[in-house]
Amino acid sequence: DVPPPGGRIRWWERPLRQPSAPPSPPRPPADMCARPRPHWDVGPGATRAKTKNVGTVDLCCAACNSMDKCVGWTWAGDGGVDGINCWLFSSVISVVQTTQNRTYGGVNGTPAQSPSGPMPTDLYLFCYGKDFAEGARQLATLTGSPPLMPQSAYGVWYSGCCIPELYTQDAVQNEILRGYREHELPLDVLVLDFFWHRRGPWGGYSWDKNDFPNPDQLVASLRDGSNRYGNPIKLMNNHHPDSAVISQATEDRYAEFATLVGVNPNSNLSFKCDFYNLTYVTALQDALLAPVEDYPWVDCVACGVHAACGSADAPDNLDFNLLANYAFDELFATKNQRCVTLNRLPGRADGSNCNWGVLNGSKLTHNIGAHRYPAAWVGDSGTGPNPISESIALFPAAAAAHLWVHFSVDLANYADSSPPFSQNNSARYVRFLQFGVFSPIFRPHDGGNDETRIWMFPEPYFGLLRELVRLRGALTPFIYTLARETQVSATPFMRPLWWDHAEIGLAWTVEEQYMFGPLLVRPIADQDFTPRLVNVWLPPLPSKGIWISWKGDAIWSSNVTVSLTAPINLTPVFVPVGTILPMWPPGLRTGSPASRSIMWTTWVTTSASMHTNSTLYEDDGETLNYRSENAFGTTAASLLVSTDTIEMTISPLLGEFMGRPEYRTHILQLRGNVSAGITEVFCTIENVTTPLTLGLSGDYSTPAKWWRVTASDFSELSCPVGAVVAVCPPARASSSVQILLN
């Protein structure tokens with residue numbers, strides 16, 4: 001989290017907008033050059049060269065045409081936050097331009113002629129060859145590291161959109177929350193799209209009291225756990241600030257807002273959206289938003305133009321979407337809280353059709369530095385040809401090129417015209433969630449012709465969907481640890497294959513594969529029930545390592561291309577043998593994250609000796625203390641495998657943080673065909689060794705007991721073979737499990 005040059009970011013503070021603001025001047029059209037503009041040109045070979053003092057369209061076109069490898073350009077009229085006059089997409093150099101005395105959002109520039117005249121600039125030239133990790137570290141040094149979102153944001157979301165009968169206080173409690181509990185599903189974040197508003201589907205910031213008669217009680221129950229789910233859940237509500245006029249007639253808390261902006265509450269003045277004024281935004285958050293939600297979803301109809309939000313007369317054409325994310329991040333930080341703001345990533349600069357199909361690299365490149373204010377939502381997923389394929393192409397490349405590691409796509413059946421719950425409708429949703437499990441944010445979202453309540457689907461789809469939701473919940477500590485590693489090293493946890501294998505030509509050409517930490521993922525983008533034959537390249541591993549399937553039932557050598565059939569119940573995921581993932585047991589969210597058991601899932605084979613390591617990262621999951629006070633903890637695990645012994649050693653939990661457990665149940669799950677050869681199991685805690693009774697099971701939360709259980713207890717994690725051993729030592733003690741094989 002290194003601040004950008006010049007120290008702390010300045011806020012653009014201008015006088016509060018008055019309702020009688022003059023109309024905005026017309027903006028130039030978006031497509032002004034005959035040369036085609038790139039679609040998603042953010043991968044390798046797509047470095048960006050900026051030119052300055054190019055004030056006309058003709059000059060920008062001429063500059064692009066004069067470059068041998070220029071593939072496209074965007075003009076400052078696109079409304080990018082940096083306001084650069086001309087970006088030239090080339091494969092030669094990458095130049096980043098910043099202002100010396102006006103900095104917003106990290107690395108940005110200003111127009112050649114800003115409202116106050118010409119501005120001096122700095123230029124940064126990155127030359128890193130194929131050492132992408134070093135290039136990312138340098139970019140993070142300049143612009144800041146990707147942040148660590150609240151831990152709940154890496155878990156399981158429920159996002160409701162288009163089923164009006166679910167937008168009542170009774171339905172939220174007794175249908176949605178009760179359904180997740182009764183079907184033993186994890187749930188971390190509840191999202192309400194537009195029907196919660198009192199004034200139309202999108203306007204205002206107050207609840208519709210007809211459907212939510214006691215919203216304060218609902219919000220309180222979500223925060224303290226006294227809801228039908230039985231555990232605290234974060235609430236995110238959808239907002240369209242450009243359509244929200246704050247007045248006495250529309251807002252329950254108008255008096256509080258007016259007081260905070262310094263206006264007499266009895267004046268009956270109305271306020272239009274004005275995110276360019278710090279006083280306005282602070283009052284909006286403290287008076288109107290904080291009482292009704294935990295995290296904001298800023299979904300703006302105009303998608304980047306926002307004439308109603310004052311974008312046309314904004315200083316230096318600051319981009320509203322980035323500005324909103326930055327504003328909330330700053331305001332949460334003043335209260336020592338981390339924020340996640342779901343914010344639509346714009347497409348065309350004129351605001352037309354801001355969803356899939358018109359997105360282009362210009363919005364990412366204009367917003368260098370915006371990765372510090374997650375998360376980016378790519379728009380309604382039904383408006384593109386294949387949102388899964390689009391996401392597979394976008395997410396890893398954007399993370400690699402710009403450190404945008406926190407993306408969210410609607411995991412929904414927007415474009416599906418088949419009847420709800422039909423074979424193709426159900427299969428499409430399964431394929432969406434298979435990709436979502438191994439993506440930064442797992443947010444199922446119902447659209448016009450779909451459903452996200454998985455218990456509404458018939459078998460076998462309900463069983464498949466339930467397993468996927470539970471798997472994502474189980475993976476939360478692993479993904480949180482990956483996010484922390486990205487925050488420290490700037491290496492994205494979701495990245496293209498060429499990041500790690502730049503010298504191998506095949507790494508640049510394989511499609512629909514990516515790395516997710518140590519895992520190789522090849523989602524199925526075909527959205528129907530038909531089994532798919534796919535080719536997967538398994539890249540080389542150190543020391544001629546071996547790849548093993550997620551289920552542990554097949555192994556391959558590395559640096560080979562394999563063909564396999566992927567039926568509807570299979571997500572092709574491949575794991576280096578010896579990998580150790582820290583996970584939670586699948587099921588309901590109960591208690592605090594630190595109080596939950598840790599399941600160390602490892603993939604083993606006794607055909608080769610190995611020694612591998614892993615680390616679990618933990619903190620309070622909410623505050624910035626992990627950064628300001630080093631308030632976090634780590635638990636190391638090591639695995640030693642020989643032909644006749646498997647030994648797992650778990651080190652003491654090091655570090656202090658709020659909620660640190662005194663006891664911690666550790667579960668060792670072995671994946672691979674080894675369970676049949678187990679003869680004895682020993683557990684050592686604080687130098688006391690005890691043989692384990694095979695087949696014994698019990699309450700995992702009981703301190704100072706240990707036992708072995710069968711893998712069937714964790715069938716939801718798709719482990720048909722293997723063994724599970726559970727131990728529960730004091731958190732400050734070391735422990736080990738030794739498994740002897742015949």
Side-chain angles (χ1 to χ4, degrees), residues 16-19 159-161 164-174 176-177 189-224 226-227 232-275 277-301 308-309 324 327-328 331-332 334-335 337 339 341-342:
L16 190 68
R17 287 187 79 225
Q18 298 302 312
S159 184
C161 168
E165 58 267 27
L166 294 180
Y167 279 86
T168 69
Q169 188 163 345
D170 179 73
V172 168
Q173 290 280 14
N174 295 311
I176 298 172
L177 300 183
V189 182
L190 171 68
V191 184
L192 299 180
D193 201 326
F194 46 73
F195 285 120
W196 70 278
H197 296 274
R198 173 194 301 169
R199 185 170 61 86
W202 291 317
Y205 303 100
S206 295
W207 295 87
D208 183 345
K209 294 294 184 64
N210 292 322
D211 293 327
F212 295 88
N214 192 350
D216 291 344
Q217 187 275 332
L218 172 63
V219 173
S221 72
L222 292 172
R223 291 175 175 172
D224 64 21
S226 61
N227 52 71
I233 296 171
K234 297 299 181 181
L235 176 62
M236 172 182 282
N237 289 331
N238 178 287
H239 305 289
H240 285 241
D242 56 341
S243 64
V245 176
I246 300 171
S247 66
Q248 282 184 327
T250 62
E251 303 301 337
D252 293 335
R253 295 179 171 86
Y254 173 84
E256 293 92 326
F257 174 87
T259 300
L260 289 176
V261 297
V263 172
N264 185 341
N266 297 320
S267 64
N268 199 28
L269 291 177
S270 297
F271 300 86
K272 293 183 179 180
C273 174
D274 192 3
F275 270 68
N277 180 276
L278 179 59
T279 301
Y280 173 94
V281 179
T282 303
L284 176 69
Q285 169 63 18
D286 291 347
L288 302 183
L289 299 186
V292 304
E293 66 187 13
D294 298 296
Y295 307 131
W297 176 2
V298 183
D299 179 8
C300 296
V301 175
C309 283
F328 288 115
L331 293 176
F332 274 62
T334 62
K335 297 177 173 59
Q337 294 292 313
C339 180
T341 305
L342 197 60

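The chain is numbered in sequence order, starting from 1.
In this structure, CG in Leu342 is found 12.5 Å from OH in Tyr295, a value given to the nearest 0.5 Å. The NZ atom of Lys234 sits 10.5 Å away from atom CG of Leu222, with the distance rounded to the nearest 0.5 Å. Here Leu331 contributes atom CG and Leu289 contributes atom CG; the two are 9.5 Å apart, rounded to the nearest 0.5 Å. Distance check: Phe257 CZ to Ser247 OG gives 10.5 Å after rounding to the nearest 0.5 Å. Note that CD of Gln169 is 10.0 Å distant from NZ of Lys209, once rounded to the nearest 0.5 Å. We find the CZ-CZ distance between Phe212 and Arg198 to be 13.0 Å, quoted to the nearest 0.5 Å.
Asn237 places a side-chain N or O within donor-acceptor distance of the main-chain N or O of Val292, the cut-off being under 3.5 Å. The backbone N or O of Glu293 sits less than 3.5 Å from a side-chain atom of Arg223, completing a donor-acceptor pair. Side chain of Thr259 to main chain of Ala255: a donor-acceptor pair is present (N/O by atom type, distance under 3.5 Å, no hydrogens or angles). No side-chain donor-acceptor contact under 3.5 Å links Gln285 to the backbone of Phe328. Formation of a donor-acceptor pair under 3.5 Å by the Tyr205 side chain with backbone atoms of Thr250 is not found in this model. With hydrogens and angles ignored, the 3.5 Å screen pairs no side-chain donor or acceptor of Trp196 with any backbone N or O of Asp211. Between the side chain of His197 and the main chain of Asn238, a donor-acceptor pair closer than 3.5 Å is present.
Looking at every heavy atom in both residues, Ile233 comes nearest to Asp294 through O-OD2, 4.0 Å. Residues Tyr254 and Ser267 share a closest heavy-atom pair of OH-OG, 4.1 Å. The shortest heavy-atom contact between Ser206 and Asp252 is OG-N, 3.0 Å. Closest heavy-atom contact between Ala327 and Val281: CB-CG1, 3.7 Å. The two atoms that bring Gly160 and Asp193 nearest to each other are O-CB, 2.9 Å, heavy atoms only. Trp297 and Ser159 get closest at one heavy-atom pair: CZ3-OG, 4.3 Å.
Ser221 has its side chain within reach of Gln173: a pair of non-hydrogen atoms, C-beta onward, lies under 4.5 Å apart. Between Cys161 and Phe194, the closest side-chain pair of non-hydrogen atoms falls below 4.5 Å.
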Next item on the list: Evaluate the side chain to side chain contact (heavy atoms under 4.5 Å, CB included) criterion for residues Phe271 and Val263: first the C-alpha distance (whole Å), next the side-chain angles of each, then the deciding distance (0.1 Å), finally the verdict.
Entry: CA-CA 11 Å; Phe271 300 86; Val263 172; 3.7 Å; yes
Item checked: Evaluation steps, side-chain hydrogen bond (donor to acceptor under 3.5 Å, both in side chains), between Ser226 and Asp224 -> CA-CA 6 Å; Ser226 61; Asp224 64 21; 2.6 Å; yes
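Between Val172 and the options Leu166, Leu218, Leu235, a side-chain contact (heavy atoms from CB on, under 4.5 Å) holds for only Leu218.
Ionic pairing of Arg253 and Asp216 is present here: one or more N-O contacts between side-chain nitrogen and carboxylate oxygen are shorter than 4.0 angstrom.
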